[in-house]
There are 2 protein chains.
Amino acid sequence: MTVKRPDSPKRRVTSTDVAALANVSQSAVSRVFAHHPSVSDKMRRAVLEAARTLGYRPNAIARSLITQRSRIIGVAMAYLDNQFYPEVLQSLSRALQAYGYQILLFTADETGAADPMLEQVLSYQVDALLLASVSLSSHIAEECELAGIPVIMFNRTSSTPGAASVTGDNFAGGRQVAEFLVAGGHQRFAYIAGAAESSTNRDREAGFCAGLAALGMAQPMRVPGQYDWQSAQAGTRLLLGRPTRPDAIFAASDLMAIACLEVARTEFGLSVPHDLSIVGFDDVGVARWPSYQLTSFAQPVEAMVSAAVTLILERLESLAAPPRPIVIPGRLIVRQTTRHPAQGLVVEDGERVWRTPSETTEGP
Amino acid sequence: MTVKRPDSPKRRVTSTDVAALANVSQSAVSRVFAHHPSVSDKMRRAVLEAARTLGYRPNAIARSLITQRSRIIGVAMAYLDNQFYPEVLQSLSRALQAYGYQILLFTADETGAADPMLEQVLSYQVDALLLASVSLSSHIAEECELAGIPVIMFNRTSSTPGAASVTGDNFAGGRQVAEFLVAGGHQRFAYIAGAAESSTNRDREAGFCAGLAALGMAQPMRVPGQYDWQSAQAGTRLLLGRPTRPDAIFAASDLMAIACLEVARTEFGLSVPHDLSIVGFDDVGVARWPSYQLTSFAQPVEAMVSAAVTLILERLESLAAPPRPIVIPGRLIVRQTTRHPAQGLVVEDGERVWRTPSETTEGP
DNA sequence: CTGAAAGCGCTTACAG
DNA sequence: CTGAAAGCGCTTACAG
């Protein structure tokens with residue numbers, strides 16, 4: 001009644017094979033590779049030698065089945081053309097590998113439909129799911145939590161209060177951008193929105209509007225967007241085609257800010273920042289490229305990733321920790337796409353940074 | 001003698017639970033979810049309803065253990081700051097998901113050490129490994145093949161003859177760049193190299209040199225590089241600081257070409273392409289950005305990914321197919337960073353493309 | 001079409 | 001410290 005195997009090219013080496021060669025029990029082999037304390041040196045040596053001879057590696061699949069832990073973290077991500085996400089992915093992968101966890105990558109399909117993905121996530125018994133796509137509905141998160149899989153939102157929040165999430169300080173970022181632009185003497189503000197349903201867009205926009213309002217400025221002109229190049233391009237054309245155009249545009253992401261900058265320069269012949277100031281959000285690598293030198297509110301990838309890893313480990317390796325939202329503070333990095341206020345700029349780590357009056361203790 | 005489970009928050013629903021509720025055998029549940037043909041409609045309905053009630057999903061880990069197939073493809077990648085790789089990752093993920101395969105992502109650590117990664121790849125019983133990092137040694141490929149795991153090289157070749165690989169046409173690409181630049185009337189050529197040990201760099205450089213030689217031109221000046229921004233920047237400074245500087249630079253990747261372009265413009269005040277022509281390789285998204293408009297040899301990501309998926313499926317789902325190298329042809333996309341020859345440009349899919357004299361049938 | 005049972009390769013309580 | 005054995009949740013040949 002042996003189960004027939006689909007033509008496996010070669011049988012893999014198992015702990016039983018190693019045990020036979022080393023003349024010990026299969027349990028002993030298992031104990032050696034699990035670094036179980038009660039193993040004699042003699043046995044350890046025998047097992048390791050036999051394992052080396054045969055080229056044995058423990059089968060993580062079998063281990064997962066019995067331990068109920070796959071040491072696999074599902075990561076759902078989209079928008080890989082926004083450089084922020086590859087940066088996160090690389091950093092996250094390194095951080096998790098350091099703790100012995102691997103990443104099973106899920107990307108949304110063209111339609112953005114999350115349900116086929118959900119089935120896979122649940123099937124593969126991932127230990128936790130990191131949801132890093134703004135467009136994926138919270139539904140998937142609820143289903144996973146229901147199935148006992150911890151969900152960590154990344155660069156987004158959940159509608160569920162108290163859910164685990166890591167975000168930059170989107171509201172404060174938006175507000176700082178407003179304060180910075182007002183201090184720089186700008187008069188007519190505009191906002192190029194990210195995806196309407198995303199928490200990042202909602203908070204960045206709310207912060208920007210609140211900041212302007214607090215300083216007695218009119219609310220910004222607003223064009224819709226989707227966190228992509230196309231929509232930012234279209235939005236910029238709309239804004240700059242108006243009879244009285246804005247003199248400061250805040251775009252919901254760096255990618256969108258760069259699209260805006262390109263349109264302003266090449267299609268409208270504007271000089272940035274002389275005719276128009278532009279601010280982005282994320283501070284991705286391209287923001288530093290000489291042709292752009294984009295002023296941007298920095299989301300610190302490393303700190304956000306560390307926080308996410310902390311949340312994951314808390315949920316997996318201890319019972320005590322309740323899920324919670326973590327907000328990572330950021331800084332407004334001031335480069336060449338904005339007219340600058342006379343005061344309030346300080347240098348940190350070789351970058352010029354804006355400090356809002358409330359934050360700085362230096363008087364005039 | 002029940003194995004104690006580390007405090008699992010909730011027991012997951014198994015096929016046995018579903019069987020009990022539906023009053024059928026566990027095998028029946030398994031057959032329904034495996035789409036086994038011999039299942040009565042009545043039973044199928046009963047099972048599916050019970051499954052829905054309980055929120056059952058088959059456990060892919062358990063399935064993997066018995067079928068000896070994880071339906072997981074390991075993907076080893078680095079250089080995620082080179083936009084080419086995120087594009088590949090996104091496309092590959094979609095393509096594999098369509099066939100029911102998932103991606104387990106491995107990234108090289110800071111030291112570039114591949115061995116810890118190797119252990120993980122082998123442990124997780126991936127069905128195949130796609131090696132997409134130029135810096136990872138072929139050693140890891142050999143170990144995997146030895147363990148019965150098919151390895152597909154992506155955007156690199158293997159020293160092992162006949163190994164499975166997918167690459168752009170690096171040699172032809174380099175040669176076309178040479179022919180194009182010579183046709184454009186350039187005189188002094190330079191090459192900014194990618195990582196010295198990489199097959200992509202070797203072939204691109206060899207093609208470029210061969211193309212120049214065939215047209216009776218002197219060999220290019222050469223500066224070393226690492227496929228990154230820093231080295232391209234440094235290399236460009238070296239090249240442009242010479243008493244007789246090149247009038248055409250071919251960089252081994254778009255990322256390097258853009259770094260080169262930035263240095264030429266901002267540090268040397270050169271006008272591109274008036275004073276200097278620059279050509280990249282890959283045709284990533286940023287190459288199309290208005291500030292760059294980079295002439296670049298395009299590696300078609302979709303076609304390369306399709307070929308990789310084909311190779312993977314051939315190895316996994318049929319015995320017949322021997323591993324083989326696949327070379328995907330590319331096109332030299334002509335934009336604004338090069339002086340153009342009077343003839344030989346055609347328009348395809350809205351892009352200007354260079355056709356070498358040997359390829360085109362149109363007379364003068 | 002359906003069920004009972006073996007077995008995938010491990011971990012771990014139990015007994016010595 | 002060590003071994004025999006149960007069991008993780010499936011798939012599948014076998015028998016009916």
Side-chain angles (χ1 to χ4, degrees), chain A residues 1-8 10-20 22-47 51 54 56-71 122-125 127 147-148, chain B residues 1-8 10-20 22-47 51 54 56-71 122-125 127 147-148:
Chain A
M1 219 170 273
T2 309
V3 170
K4 184 158 145 271
R5 201 88 345 82
D7 17 59
S8 43
K10 47 189 66 172
R11 216 178 60 79
R12 287 181 182 167
V13 178
T14 73
S15 59
T16 308
D17 301 329
V18 176
N23 255 311
V24 298
S25 71
Q26 181 271 327
S27 336
V29 177
S30 179
R31 285 200 189 90
V32 168
F33 279 91
H35 301 105
H36 191 94
S38 54
V39 175
S40 68
D41 268 11
K42 180 160 167 293
M43 172 170 274
R44 183 185 317 280
R45 263 194 298 276
V47 166
L54 297 176
Y56 170 73
R57 268 101 181 176
N59 181 327
I61 298 280
R63 177 179 289 165
S64 300
L65 190 59
I66 190 75
T67 60
Q68 308 279 65
R69 294 232 179 273
S70 61
R71 298 197 83 83
L122 293 171
S123 279
Y124 275 94
Q125 314 290 112
D127 286 348
Chain B
M1 218 173 269
T2 308
V3 170
K4 182 155 144 276
R5 200 88 346 80
D7 16 60
S8 44
K10 47 188 69 173
R11 214 177 62 78
R12 290 186 180 164
V13 178
T14 71
S15 59
T16 308
D17 301 328
V18 176
N23 254 310
V24 298
S25 71
Q26 182 269 327
S27 335
V29 177
S30 179
R31 285 200 189 90
V32 168
F33 280 91
H35 300 103
H36 192 93
S38 54
V39 175
S40 68
D41 268 10
K42 179 160 168 289
M43 173 170 274
R44 185 186 315 280
R45 264 194 298 276
V47 166
L54 298 176
Y56 170 74
R57 268 100 182 177
N59 182 326
I61 298 279
R63 176 179 288 167
S64 300
L65 189 59
I66 190 75
T67 61
Q68 307 279 66
R69 294 234 181 271
S70 59
R71 298 197 83 83
L122 293 171
S123 280
Y124 274 94
Q125 314 291 112
D127 286 347

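In what follows, every heavy atom counts, from backbone to side chain, and hydrogens, waters and symmetry copies are set aside. In what follows, every chain begins at residue 1, and chains take the letters A, B, ... in the order their sequences are listed.
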### Summary
Taken to the nearest whole Å, CD/A/Gln26 to P/D/dG3 is 11 Å

### Message
Taking only side-chain N and O atoms of B/Tyr56, does any of them lie within less than 4.0 angstrom of OP1 or OP2 on D/dC10?
### Response
yes

### Nearest heavy atoms of B/Gly148 and A/Arg12, plus distance in Å
O-NH2, 4.2 Å

### Between P of C/dT11 and CG of A/Leu65, the distance in whole Å
11 Å

### DNA chain D base-pair string [pairs: Watson-Crick or G-U under 3.5 Å; |: paired with another strand]
|||.||||||||.|||

### Task
Return the minimal non-hydrogen interatomic distance between B/Arg69 and B/Asp127, and the atom names on each side.
CA-OD1, 3.5 Å

### Task
Give the rounded distance in Å between these two atoms: CG of B/Asn23 and P of C/dC1.
20 Å

### Task
Figure out the CD1/P separation between A/Ile66 and D/dG9, and round it to whole Å.
9 Å

## Note on the structure
A/Asn59 has its side chain closest, among C/dG9, C/dG3, D/dG9, to C/dG9

## Note on the structure
Minimal heavy-atom distance between A/Ala22 and A/Ala46, with the atoms involved, is CB-O, 3.7 Å

### Message
How close do B/Thr16 and B/Gln26 get, counting heavy atoms only, and between which atoms?
### Response
OG1-CG, 3.8 Å

### Message
What's B/Thr14 touching, base or sugar-phosphate or nothing? Going by heavy atoms closer than 4.0 Å.
### Response
sugar-phosphate

### Whole angstrom value for the distance that separates P of D/dG7 from CD1 of A/Ile61
23 Å

### Summary
For A/Ser64 and A/Ser70 the tightest heavy-atom approach is OG-CA, 3.3 Å

### Query
Which residues in residues 30-43 of chain B have at least one heavy atom lying under 4.0 Å from any atom of DNA chain D?
B/Ser30, B/Arg31

### Task
Indicate yes or no: at least one non-hydrogen side-chain atom of B/Val18 is less than 4.5 angstrom from one of B/Val47.
yes

### Message
Can you tell me if B/Ser15 touches the phosphate of D/dC10, counting only side-chain N or O atoms and a distance under 4.0 Å to OP1 or OP2?
### Response
yes

### Query
Considering all heavy atoms of both residues, which atom of B/Val24 and which atom of B/Met43 are nearest to each other, and what is their separation?
CG1-CE, 3.6 Å

### Task
Looking at every strand, decide which applies to B/Val24 at a 4.0 Å heavy-atom threshold: base, sugar-phosphate, or nothing.
sugar-phosphate

### Task
Output yes when at least one side-chain N/O atom of B/Gln68 is less than 4.0 Å from OP1 or OP2 of C/dG9, else no.
yes

#### Entry: Integer-rounded Å distance: D/dC10 C1' and B/Arg12 CZ
15 Å

### Task
When you get a sec, tell me which of D/dG9, C/dT11, D/dT11 is the closest nucleotide to the side chain of B/Arg63?
D/dT11

### Message
Once rounded to the nearest 0.5 Å, what's the spacing between atom CD1 of B/Ile61 and atom CD1 of A/Ile66?
### Response
13.0 Å

### Under-4.0 Å side-chain N/O to phosphate OP1/OP2 contact, A/Ser25 with D/dG3
yes

### Euclidean distance, A/Arg63 CZ relative to A/Ser15 OG, rounded to 0.5 Å
10.5 Å

